Amino acid sequence: MEKRVTPFQNKVYGACREIPAGRVSTYAELARRVGCASPRAVGQALKCNPFAPEVPCHRVVASSRELGGFSGKSSGAEVARKKALLLEEGVGFEDTGKIKPDFVWKFSLAKCDSSA
DNA sequence: CATGTGACGCCTG
DNA sequence: CCAGGCGCCACAT
């Protein structure tokens, strides 16, 4: 049985899959990537993420560098697991528990060739 | 067709 | 800097 994912969700999953390991993206960036002005819609799609772990929804965090939510929980053990996964990928966290800006992935202007 | 909810973001005070 | 409020899009009922 296929998951009746709407074209919008499919787009979100596609963008999410573009996020390399050890990096994280924000709902806002992802939303803009899919052409949506509301990050909420992105969360709706990710929470339904039927293509996991093909679609690393755990690499998507809030614009404030916070973890955001996971598995349909805005906070809780699920979110803690998400943090653990990011740590496994090599993502660094601030002392405040936030993700380091250097680990936040950039979609378009992604030059990837960090010369410095 | 209308209403409610949701893994958020940005502005103002 | 912190706290509060409003806006937004998509989806389910």
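This one's a predicted model, so the numbers in the text were calculated from it and none came from an experiment. Reminder, nothing fancy here: chain letters follow the sequence lines and each chain counts from 1.
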### Query
Can any side-chain N or O of A:Lys82 pair as donor or acceptor with the backbone N or O of A:Val60 at less than 3.5 Å?
yes
### Query
A:Leu86 CG to B:dA7 C1': how many Å, rounded?
13 Å
## Note on the structure
Ranking B:dA7, C:dA10, B:dG9 by distance to the side chain of A:Ala62, first place goes to B:dG9
### Query
Taking C-beta and beyond as the side chain, do A:Cys57 and A:Phe51 meet within less than 4.5 Å on heavy atoms?
no
### Message
Heavy atoms from C-beta onward define the side chain here; which of C:dA10, B:dA7, B:dC10 lies closest to that of A:Asn49?
### Response
B:dA7
### Task
Report the distance from atom CZ of A:Phe70 to atom P of B:dA7, rounded to the nearest whole Å.
13 Å
### Query
With side chains defined as the heavy atoms from C-beta onward, is the minimum distance between A:Phe103 and A:Arg23 less than 4.5 Å?
yes
### A:Phe8 or A:Pro39, whichever maps to the more 5' nucleotide of DNA chain C
A:Pro39
### Message
With a 4.0 Å limit, can you tell me whether A:Ser38 has a side-chain N or O closer than that to the phosphate oxygens OP1/OP2 of C:dA10?
### Response
no
### Message
Less than 4.0 angstrom from a charged side-chain N to a carboxylate O is my criterion; do A:Glu89 and A:Arg59 meet it?
### Response
yes
#### Entry: Distance in angstrom units between A:Lys73 NZ and B:dG6 P, rounded
12 Å
### Task
Name the nucleic acid region contacted by A:Cys57, choosing base, sugar-phosphate or nothing; use a 4.0 angstrom heavy-atom cut-off, strictly under.
base
#### Entry: A:Lys73 side chain to A:Val79 backbone, donor-acceptor under 3.5 Å
no
#### Entry: Protein-nucleotide distance (A:Gln44, atom CD; C:dT13, atom P), rounded to Å
12 Å
### Task
Answer yes or no: does a side-chain N or O of A:Thr6 lie under 4.0 Å from OP1 or OP2 of C:dC11?
yes
#### Entry: Among B:dA7, C:dC8, C:dC11, the one nearest A:Ala37 by side-chain distance
C:dC8
### Message
Of the options C:dC9, B:dA7, B:dG9, whose atoms approach the side-chain atoms of A:Ala28 most closely?
### Response
B:dG9
### Task
Could you tell me the separation between the OH atom of A:Tyr13 and the P atom of B:dA7, rounded to a whole number of Å?
14 Å
### Query
For the pair made of CD in A:Glu29 and C1' in B:dA7, what is the distance, rounded to whole Å?
17 Å
### Message
Using whole Å, what does the distance between atom P of nucleotide C:dC2 and atom CD of A:Glu66 come to?
### Response
11 Å
## Note on the structure
Whole-Å distance, A:Arg4 CZ to C:dC11 C1', equals 13 Å
